[in-house]
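Below you'll find the structure, written out as structure tokens, and then a few comments.
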Amino acid sequence: MSRNEIKNQIFDLVEKYYMEFHHQETPSLDRIPYAGRNFDQKEMINLIDSALDFWLTEGKYCKALEDRIQGFLGVKFCHLVNSGSSANLIALSALTSPTLEERRIQKADEVIVVAASFPTTINPILQIGAVPVFVDIDDSLNLDSSYLSQALSPKTKAVMIAHTLGSPFNFNSIKEFCELHNLWLIEDNCDAFGAKYDGKMTGSLGDISTLSFYPSHHITTGEGGAVITDSPKLSKLILSFRDWGRDCWCPPGKDNTCGKRFSQSFTKLPDNYDHKYIYSHIGYNLKMTDMQASIGVAQIEKLKSFVEKRIENWFFFHESLKEFNNVFLFPKTNELAEPSWFGFYLELKKDIPFRKKDLIEFLEKNNIQTRQLFSGNITRQPMFDNLELEKEYRIASPLKRSDQAMDLGFWFGVNPSFSESQKVFIISKIKEFLSLYGY
Ligand SMILES: Cc1ncc(COP(=O)(O)O)c(C=O)c1O
């Protein structure tokens, strides 16, 4: 039998396995997770195909996934990494390169962020020895751009923010501020794949953007992420920091892509030292494997339908709960923003006769998974206990709105695989809870 005949037999069996043991998994009311992996036989076949190739490291599936992401976002460069957190670390590290001269982010330089964040949107700033400068969010749960000028100092080099829960931040005013003050804009697009701002895809707007492919995200590769840019210079720096800090940009298994492998000279190194072993940065190794990417290649075909379903589910929940606007505050959507929802956020109004904890416990007891707005006001987290205010971090505005979200907000899923009965169940349980308090 030929290689392809054997492969096809294996793939037929994989499909059978999928139909027998995964396809039958009917959405149940016993557990309503906020998100999860949504897949069919195609993801499993790709994964087996890459296992049979046994290439293991970055290979043809990585290239295919990078190409698809570039096409989807309309950007020039996409580099895969092993998580969204790694993507943020690489994005920021790339901007520390001495080759960026006066725009390089150095120790004690400042990066403007919001306090209500996922921790690894902030951590890379501390990890490179720079100073996060916190400002508050507004009712869209995104950066309140009216605080930007009071966060600015002669040390400010960048703004690094996420599109919170899939809802695009106020890009035009933030970009204008960045251009005016020559600042980098790093767009954490981890929760917003598929969102748009003024008709353009988020993830194509900043100097660098990032994605996460953890199973709760819009598409998954298990663990995984990507760093994206339109700039050839930043693309090279991203690759260098991702791949051990090397100067060479050959893909794994390839030698001499630059054609100058043995013909370059660097001071302090032996003449014509192999370019493959020249290190221009203090880098990492945070690459994705081809097996992970193979899953992503099947997933990205489904991205559009996942996004549509997430939006549809968000609107279902909003329509069903909007009459309770005396109890709940719903997040505002910025002008020109078209969210690709990550979750359905609810915030309790201040003068109601129950606490957030009561509602969350009731939902969790009824098997409905809930989540917090990540760290809430991250400066209240224990990780800040040993950091020195004004030296290692700064707070540039009152963080009242972030505190409010931490104290009164939570969210549940808009999982594209929710069945009608699961969605109706979630709403019926919220209404049942509210009726206990006479609503
Ligand atoms: C906004 C944001 N950025 C970064 C990350 C980190 O992604 P990962 O879990 O893939 O490291 C997350 C995780 O959910 C996130 O929500």
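For clarity, every value in this text was computed on a predicted model and none was experimentally measured. Counting convention: from 1, in listed order, for ligands and their atoms alike.
Annotation for ligand 1: atoms under 4.0 Å from non-hydrogen atoms of Ser212 are 7 (O), 8 (P), 10 (O). For ligand 1, the atoms lying closer than 4.0 Å to a non-hydrogen atom of Ser83 are 10 (O), 11 (O). Per-residue contacts place Thr121 under 4.0 angstrom from the following atoms of ligand 1 (heavy atoms of the residue considered): 3 (N). Atoms of ligand 1 found under 4.0 Å from any heavy atom of Gly84, numbered from 1 in the order shown, are 6 (C), 7 (O), 8 (P), 10 (O), 11 (O).
At a heavy-atom distance under 4.0 Å, no atom of Thr210 approaches ligand 1. Proximity of Cys190 to ligand 1, defined as any heavy-atom pair under 4.0 Å, is confined to the side chain (atoms from C-beta onward). The part of His217 lying near ligand 1 is the side chain, judged by heavy-atom distances below 4.0 Å.
Protein heavy atom at the shortest distance from atom 6 (C) of ligand 1 is Ser85 OG, 3.4 Å. At the top of the distance list for atom 1 (C) of ligand 1, counting protein heavy atoms only, stands Asp191 OD2, 3.3 Å.
The six-membered or imidazole ring of Phe342 lies near that of Trp411, with a centre-to-centre distance under 6.0 Å. With ring centers used as reference points, Phe384 lies under 6.0 Å from Phe134. Under the 6.0 Å cut-off for aromatic ring centres, Phe433 and Phe354 qualify, their centroids lying closer than that.
A salt bridge links Glu312 with Lys309; the closest basic N to acidic carboxylate O contact falls under 4.0 Å. A salt bridge links Glu347 to Arg401: at least one charged side-chain nitrogen sits closer than 4.0 Å to a carboxylate oxygen. Between Glu58 and Lys254, none of the side-chain N atoms (NZ, or NE/NH1/NH2) sits under 4.0 Å from a carboxylate O, so this pair counts as no salt bridge.
Between Asp188 and ligand 1, at least one pair of N/O atoms sits closer than 3.5 Å.
Between Leu141 and Pro331 the shortest heavy-atom distance is CD1-CB, 4.1 Å.
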